[in-house]
Structures are given as C-alpha cells and as structure tokens.
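In what follows, every chain begins at residue 1, and chains take the letters A, B, ... in the order their sequences are listed.
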Number of protein chains: 2
Amino acid sequence: MKIGEAARASGVTAKMIRHYEAIGLLPPASRSEANYRDYGEAEIHALRFIRRARDLGFSLHEIASLLALWGDRHRASAEVKRLALAHVEALEAKARDLSAMAATLRHLAAHCHGDSRPDCPILDELARSN
Amino acid sequence: MKIGEAARASGVTAKMIRHYEAIGLLPPASRSEANYRDYGEAEIHALRFIRRARDLGFSLHEIASLLALWGDRHRASAEVKRLALAHVEALEAKARDLSAMAATLRHLAAHCHGDSRPDCPILDELARSN
DNA sequence: GATGGGGGTTCCCATCATGGGAAGGTCAAG
DNA sequence: CTTGACCTTCCCATGATGGGAACCCCCATC
C-alpha cells in the first residue's frame with residue numbers, strides 16, 4: 001500500500017505519516033523500487049492506534065510510550081493504566097480551567113447590556129487597575 | 001519604567017512584552033537614550049489588560065480586537081459582548097471535548113485490572129481493528 | 001579608574017502538531 | 001508521448017512562549 005492508501009485506511013494524513021516516521025514514532029517504512037513508502041496491515045494497525053490515541057488527546061510523546069507497551073507482550077497493564085489515568089487527570093484539569101474561564105466570562109457578559117452604548121463591564125474588568 | 005519593572009508591574013514577562021510589540025499588538029514603546037524601552041502608566045494598563053484577557057483564554061488575535069474596542073470611545077458594547085460570547089462558546093466546546101475524552105478514557109481504565117498481567121482493555125481499544 | 005553585576009538590546013532556535021506548497025520523480029491510462 | 005494523479009524531499013508557517021548567545025549600559029564598590 002502506498003502512503004495515500006494508508007492515509008485513507010488509517011485516517012492519518014500522508015503528511016502526518018511521514019512526520020511520525022521522521023520523529024521516530026514509527027520505524028522507517030520499507031520502500032518500493034520507486035522509493036515509495038510501502039505499508040502492510042501491521043503498519044495500518046499502528047497508524048490507527050496512533051489516530052485513536054490522538055483522538056483521546058494523548059501527546060505524541062505519550063503515544064510513543066503506549067506503542068512501546070502495545071508491542072511488549074510482557075507489559076504490565078498497571079503501567080498502561082497509570083499512564084492513562086495520569087492523562088485523564090490532565091484532561092480533566094484542562095477542562096476545569098476552560099470551564100472556569102467560560103463561566104467567568106459568561107458572568108461578565110451577562111452584565112453587559114450589549115447595545116449601542118459604550119459602557120461595558122467586560123472591558124471594565126479587563127482594564128481594572130488594581 | 002524599564003521593561004523589567006513593567007513586567008513586574010503587569011505580570012507579563014519582558015520577553016512577551018517585546019513579542020507583543022514585535023507582532024504589532026502593542027505600539028512601539030518609546031526609547032530612552034540608551035535605547036531602552038520606556039513605559040508609563042498607560043502602557044502598564046494595556047499590559048495588564050492583555051494579561052487578564054489571556055487569563056480568560058482569549059487569543060492574541062482576539063485581544064487585538066478587544067484592545068481596539070477598549071480604545072474606541074464610541075464602541076458599541078454589543079460588539080464586545082458578541083466577541084466575548086463567541087469566545088465562551090469556543091471555550092465550552094473545548095471543555096466538552098476534553099471532558100468527553102477524559103470520560104471515555106476513564107471508562108476504559110476502569111475495566112483495566114492494572115496489575116502485572118498484560119491484558120489491557122485500553123490498549124485493546126486503541127488497537128481495535130474495525 | 002577598573003571591575004562586576006544586573007539590567008537592557010537583538011537575533012536565532014525550540015516547543016507541539018499540523019498544514020501548505022515548491023520542485024522534481026514515477027506510473028497508469030488515454 | 002502526454003496528462004494527471006500520485007509519490008519524494010525540503011522549507012516555511014501557525015500560536016504563545018521560553019531559552020540562550022552576544023553585545024551594550026549603568027551604577028556601585030574596591
């Protein structure tokens with residue numbers, strides 16, 4: 001399979017597949033006579049694995065660890081779980097941060113008339129001098 | 001005030017102050033004889049404004065708009081409110097995305113024994129072949 | 001007066017994940 | 001044999017931030 005097909009089959013763009021190889025997340029693909037990258041089922045599986053992990057918000061660095069664990073038949077699931085839960089904590093912390101920002105701003109906006117007059121509690125808050 | 005003092009007074013690092021000037025978010029600062037940037041109260045206010053907007057998750061691009069509105073005595077607060085609420089929507093959407101990822105992953109982790117055995121529903125899900 | 005330290009200045013590079021695009025090679029079908 | 005779709009590598013850009021080098025400036029202390 002050439003890179004375009006692999007991209008369609010895995011949901012990872014060809015650009016990203018090359019990138020993942022370049023940074024060592026994936027081993028160098030074997031090449032055809034025309035120097036085209038050639039992918040088999042195993043590679044497609046790995047690419048899908050990466051895409052799903054990305055969809056769950058894992059960084060490429062974390063994904064490298066996950067791939068290593070995936071490929072290790074003697075892994076302890078405890079290690080995977082630890083990694084996953086640490087990531088969950090980070091996701092939840094980020095979500096809380098964003099929600100807090102949203103709530104603060106929504107509150108400010110609720111007090112803003114939102115008409116043609118210039119008075120605006122939102123700007124007042126941002127420009128507050130203390 | 002030199003840039004270091006301005007940084008301390010505003011909570012924006014000197015590095016970032018220079019950056020904001022470089023990208024045109026702030027007008028070029030006036031310079032001392034030694035070519036040092038010189039800041040007055042007005043500039044400190046603007047820097048604090050920027051920092052607060054950043055704390056609320058606004059992008060520098062959005063902040064440019066907010067600064068323009070802030071400086072426009074004839075602005076309509078409707079415009080500010082519109083911007084703020086659009087940003088709130090984006091924040092909430094992002095927060096929802098992160099929460100969904102966290103929930104999915106927490107669910108998977110809950111089914112993972114997390115012991116020394118290799119079986120792991122988390123990896124199974126990532127490696128799912130359909 | 002020399003020196004040292006703690007500012008400041010510019011400029012380049014790195015992060016993280018991704019995309020755009022140029023210049024050129026390869027292959028199938030018309 | 002050309003055309004078009006694909007592939008290759010390489011460079012640049014994003015957004016916000018930080019690190020660090022090389023150099024300049026000023027003030028206090030020996």
Separation of C/dC16 P from A/Y20 OH (nearest whole Å): 14 Å
D/dT9 OP1/OP2 closer than 4.0 Å to side-chain N/O of A/R37: yes
Integer-rounded Å distance: C/dG7 C1' and B/I17 CD1: 14 Å
Over all atoms of both residues, closest heavy-atom pair of A/I122 and A/A109: CD1-CA, 3.8 Å
Residue whose nearest DNA chain C nucleotide is more 5′ - B/E21 or B/Y36: B/Y36
B/R54 CZ - D/dG18 C1' separation (whole Å): 14 Å
Sugar-phosphate only, base, or nothing, as touched by B/H19 at under 4.0 Å among non-hydrogen atoms: base
Sugar-phosphate, base or nothing in reach of B/R18, heavy atoms under 4.0 Å: base
Touch class at under 4.0 angstrom, heavy-atom based, for A/S32 against every strand present: nothing
Sugar-phosphate only, base, or nothing, as touched by B/F58 at under 4.0 Å among non-hydrogen atoms: nothing
Toward the 5' end of DNA chain D, by each residue's nearest nucleotide, B/A34 or A/E5: A/E5
Selected nucleotide, minimal atom distance to B/M16 side chain, candidates D/dT17, C/dG21, C/dG8: D/dT17
Donor/acceptor link under 3.5 angstrom from B/K2 side chain onto base of C/dG6: no
Candidate nucleotides D/dT9, D/dT17, C/dT9, ranked by approach to the side chain of A/R31 - the nearest: D/dT9
